Amino acid sequence: MNSLHDPSSAARAELARLVGAIAQTDGEYANAIASLKFYRRSVTSEPMPCIYALGLGLAVQGGKRVTLGGEIFDYGQGQSLVTSLDLPVVSYVTRASSAEPYLGLWLELDSARLAQAAAGMDLSVPLASASARALSVVDLDEGLTQALIRLVRLLGEPQLIKQVAPLIEQEIMVRLLLGEHGATLRQLVAAGSASQQVARVINWLRQHFTEDFPMDDLAAQAHMSPSTFRLHFRSVTGMSPLQYLKQLRLQDARQLMLNEDIDAGSAAVRVGYESASQFSREYTRLFGAPPLRDIRRLQESV
């Protein structure tokens with residue numbers, strides 16, 4: 001169908017226009033809607049390990065790649081990405097130029113509000129897709145695109161944001177639960193499901209990852225045997241509990257070195273490593289360079 005007569009294409013083009021008008025130079029853009037952020041890049045980027053929290057991401061223009069464990073997720077204009085819990089991923093822009101820059105949108109979702117929305121819905125009908133993975137990429141449908149357009153346009157009416165933005169965000173969550181991302185999100189809110197138990201353990205890990213504890217304690221928290229817990233954890237996150245813990249520690253150490261100007265040895269101790277050499281080896285494996293060289297590279301790129 002000709003894009004000029006395709007409502008979905010026209011809506012995606014309008015969303016790109018709105019985001020481009022806000023993100024006029026490369027960088028990250030916060031705004032009056034705290035849960036909403038915009039991104040612009042005029043060149044492709046290097047792979048960057050980071051944490052994706054519960055949220056909805058769009059490559060409004062251009063393309064992006066996210067790797068989770070050994071899985072690769074590519075998405076671009078006309079597609080959306082959802083993560084249902086905190087995931088250590090490697091993310092990078094794959095399509096961008098000065099003539100047609102990468103434009104991105106991220107909407108953080110609130111787990112309590114998502115559960116509240118789900119509680120008032122009839123979600124008894126099983127979904128065609130029932131993958132346990134906590135990350136999904138699907139085509140962006142017309143209804144969701146229009147809801148996002150209304151949310152972005154709301155920035156032009158600041159007096160309405162406090163009352164209206166939560167209503168549009170609620171609509172977006174309902175559409176996500178009922179749409180193709182539903183399998184990813186419903187498992188988070190399904191009481192007693194294995195995915196929900198894993199999510200609870202991950203929430204605990206995010207607060208206690210610097211501590212020393214037996215890994216089997218995590219299985220006990222989930223009320224599972226160690227082997228069953230590891231199986232469910234990997235099916236949700238794409239990695240083992242130990243790999244997940246290491247990524248949390250290494251990414252926090254990187255931020256400590258960047259933000260507090262401390263050395264690698266001090267950062268290693270603060271995030272729970274007993275061996276500086278082990279920390280350096282695992283840091284280099286994740287970030288592609290030893291700590292000192294990696295931090296210098298990041299500082300020079302700012």
Side-chain angles (χ1 to χ4, degrees), residues 1-42 52-64 66 73-84 93 95-97 99-110 113-114 116-118 121 135-182 184-185:
M1 182 184 291
N2 188 307
S3 62
L4 292 175
H5 303 290
D6 179 359
S8 296
S9 295
R12 291 195 295 268
E14 173 63 6
L15 186 58
R17 186 192 68 77
L18 290 168
V19 173
I22 295 168
Q24 296 188 19
T25 58
D26 285 6
E28 176 183 317
Y29 291 79
N31 54 78
I33 301 175
S35 57
L36 185 63
K37 286 187 173 62
F38 306 107
Y39 305 87
R40 180 188 177 109
R41 287 192 67 96
S42 55
Y52 272 15
L54 169 62
L56 166 68
L58 269 68
V60 180
Q61 182 173 279
K64 200 167 190 180
V66 175
F73 298 85
D74 286 309
Y75 70 110
Q77 188 176 29
Q79 294 179 297
S80 57
L81 173 146
V82 157
T83 48
S84 61
V93 174
R95 295 199 306 277
S97 67
E100 191 170 302
Y102 168 81
L103 297 173
L105 176 154
W106 179 262
L107 179 65
E108 183 177 336
L109 303 176
D110 180 86
R113 290 178 61 198
L114 186 70
Q116 187 177 29
M121 299 167 61
L135 188 156
S136 57
V137 172
V138 305
D139 290 342
L140 186 62
D141 66 73
E142 170 76 5
L144 186 57
T145 307
Q146 293 292 352
L148 288 165
I149 287 172
R150 283 186 274 112
L151 186 65
V152 177
R153 282 180 176 163
L154 200 60
L155 293 171
E157 300 180 275
Q159 72 278 13
L160 298 180
I161 288 175
K162 184 176 180 181
Q163 285 75 29
V164 179
L167 301 178
I168 301 176
E169 290 176 358
Q170 169 114 356
E171 177 190 345
I172 289 169
M173 287 188 283
V174 169
R175 289 184 179 280
L176 290 172
L177 285 164
L178 291 174
E180 291 186 71
H181 285 299
T184 301
L185 292 172

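As the structure is a computational prediction, the values presented were derived from the model and not from experiment.
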Legend entry - Sequence-distant partners of Asp74, side chain to side chain donor-acceptor pair (under 3.5 Å), two or more places apart: Arg65
Legend entry - Side-chain heavy atoms of Val19 within contact of Leu58, under 4.5 Å: no
Legend entry - Heavy-atom pair with the smallest gap, counting every atom of Ala11 and Gln146: CB-NE2, 3.7 Å
Legend entry - Under the salt bridge (Lys or Arg N to Asp or Glu O under 4.0 Å) test, residues paired with Arg95 that sit two or more places apart: none
Inset, instruction - Please report the closest heavy-atom contact between Pro101 and Gln61, naming both atoms and the distance. - result: O-NE2, 2.8 Å
Legend entry - With Gln79 via side-chain contact (heavy atoms from CB on, under 4.5 Å) - residues at least two apart: Tyr75, Val137, Asp139
Legend entry - Residues in side-chain contact (heavy atoms from CB on, under 4.5 Å) contact with Ala32, at least two apart in sequence or another chain: Leu155, Ile161
Legend entry - Spacing of CD belonging to Glu108 relative to CD1 belonging to Ile33, to within rounding of 0.5 Å: 13.5 Å
Legend entry - Considering all heavy atoms, the nearest Leu81-Leu135 contact: CD1-CD2, 4.0 Å
Legend entry - Any residue meeting ring pair (Phe, Tyr, Trp, His ring centres under 6.0 Å) with Tyr52, in chain and number order, not counting sequence neighbours: Trp106
Legend entry - Partner residues of Glu171 under the side chain to side chain donor-acceptor pair (under 3.5 Å) criterion, sequence neighbours left out: Arg150, Arg175
Legend entry - side chain to side chain donor-acceptor pair (under 3.5 Å) partners for Glu14, two or more places apart: Arg17, Arg153
Legend entry - Spacing of OH belonging to Tyr29 relative to CD belonging to Gln24, to within rounding of 0.5 Å: 7.0 Å
Inset, instruction - Taking all heavy atoms of Thr184 and all of Ser136, pick out the closest pair and write down the distance. - result: OG1-OG, 2.8 Å
Legend entry - With sequence neighbours excluded, residues passing side-chain contact (heavy atoms from CB on, under 4.5 Å) with Val138: Ser80, Glu180, His181
Inset, instruction - Answer yes or no: does atom CD of Gln116 have more than 12 heavy-atom neighbours from other residues, nucleotides or ligands under 6.0 Å? - result: no
Legend entry - N/O donor-acceptor pair under 3.5 Å between Gln170 side chain and Ala117 backbone: no
Legend entry - Heavy-atom side-chain contact between Tyr39 and Val93 under 4.5 Å: no
Inset, instruction - Find out whether Val152 and Leu105 are in side-chain contact, i.e. whether some heavy atom of one side chain is under 4.5 Å from a heavy atom of the other. - result: yes
Inset, instruction - Drop me the distance from Gln159's CD to Leu154's CG, to the nearest 0.5 angstrom. - result: 8.5 Å
Legend entry - Nearest heavy atoms of Leu185 and Ser84, plus distance in Å: CD2-CB, 4.1 Å
Inset, instruction - To the nearest 0.5 Å, tell me how far Leu36 CG sits from Ile22 CD1. - result: 7.5 Å
Legend entry - Atom pair NZ/CG of Lys37 and Leu107 - distance to nearest 0.5 Å: 10.0 Å
Inset, instruction - Taking the side chain as every heavy atom from C-beta outward, state whether Leu176 and Leu114 have any pair of such atoms under 4.5 Å apart. - result: no
Inset, instruction - Could you list the residues that satisfy side-chain contact (heavy atoms from CB on, under 4.5 Å) with Leu167, not counting sequence neighbours? - result: none
Legend entry - Taking every non-hydrogen atom, the tightest pair across Arg12 and Thr145: N-CG2, 4.0 Å
Legend entry - Under the side chain to side chain donor-acceptor pair (under 3.5 Å) test, residues paired with Ser35 that sit two or more places apart: Glu169
Legend entry - Distance (rounded to the nearest 0.5 Å) between Leu18 CG and Leu148 CG: 10.5 Å
